[in-house]
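Each remark here refers to the structure printed beneath this line.
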Amino acid sequence: MASQGETLLLLVRRSGKEAKQVAEEMGYNPIYLSRLFKKEKLPASAKEKAIEVFGLPLDYFENDKNGSGASDHPSQEKEKDKEIERLKDKIKEQQERINKLIDIAYKNTKEKE
């Protein structure tokens with residue numbers, strides 16, 4: 001099961017924000033935030049700030065038999081769906097970029113002939 005630090009890292013990734021921006025929103029130095037990602041359990045103040053920044057329910061980080069209440073939270077499915085859609089959009093953008101680069105390379109090849 002994911003540690004609370006790993007859960008925080010997933011929240012940052014799913015937000016679509018840079019870790020530096022999230023650190024600022026939480027009132028932390030980016031280096032400290034990266035250290036939090038490695039912790040099994042987060043300090044209470046870090047959990048409170050994450051709950052505030054990400055708009056999570058107050059009990060999001062409550063411990064359960066699996067070590068982190070976040071894993072069984074009902075909003076997790078919505079978060080997963082949101083992350084999947086974000087990744088699909090990112091893939092589509094990258095595919096469009098690749099197609100443009102292929103077109104440019106093709107045109108450059110034709111000009112040289």
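From a predicted model like this one, the values you see are computed outputs, not experimental measurements.
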What side-chain donor-acceptor pairs closer than 3.5 Å can you find for residues 16-25, not counting sequence neighbours?
from, atom 1, to, atom 2, distance (Å)
K17, NZ, E25, OE1, 2.9
K17, NZ, E25, OE2, 3.3
Q21, NE2, E25, OE2, 3.2

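Once rounded to the nearest 0.5 Å, the distance linking NZ of K47 with CG of L58 reads 12.0 Å. The CG atom of L11 sits 5.5 Å away from the CZ atom of F61 when rounded to the nearest 0.5 Å. From T7, atom OG1 reaches atom CZ of R14 across 8.5 Å, with rounding to the nearest 0.5 Å.
For N108, the side-chain contact (heavy atoms from CB on, under 4.5 Å) partners at least two apart in sequence or on another chain are I104, E111. Shown here are the salt bridge (charged side-chain N to carboxylate O under 4.0 Å, His left out) partners of R86, two or more places apart in sequence or in another chain: E83.
With side-chain heavy atoms closer than 4.5 Å counting as contact, directly or through intermediates, the hydrophobic cluster containing I102 also holds I98. Here Y106 is tied to no hydrophobic group at all, with no ILVMFWY side chain closer than 4.5 Å.
Under the 4.5 Å side-chain heavy-atom criterion for Ile, Leu, Val, Met, Phe, Trp and Tyr, L36 and F54 are members of the same hydrophobic cluster. Hydrophobic clustering (side-chain heavy atoms under 4.5 Å, transitive across Ile, Leu, Val, Met, Phe, Trp, Tyr) groups L56 together with V12. Grouping the Ile, Leu, Val, Met, Phe, Trp and Tyr side chains by contacts below 4.5 angstrom, directly or via other members, places L10 apart from L42.
For residues 9-32, the pairs satisfying ring-ring contact (aromatic ring centres under 6.0 Å, His included) are Y28-Y32, with sequence neighbours left out. Note on residues 87-97: pairs passing salt bridge (Lys or Arg N to Asp or Glu O under 4.0 Å), not counting sequence neighbours, are E85-K88.
Residue-environment remark: CG (L101) exceeds the threshold of 12 foreign heavy atoms within 6.0 Å.
Looking at every heavy atom in both residues, M26 comes nearest to V53 through CG-CG2, 3.6 Å.
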- request: Evaluate the criterion side-chain contact (heavy atoms from CB on, under 4.5 Å) for residue pair L8 and L33; output intermediate values, then yes/no.
  value: CA-CA 9 Å; L8 178 60; L33 181 64; 3.8 Å; yes
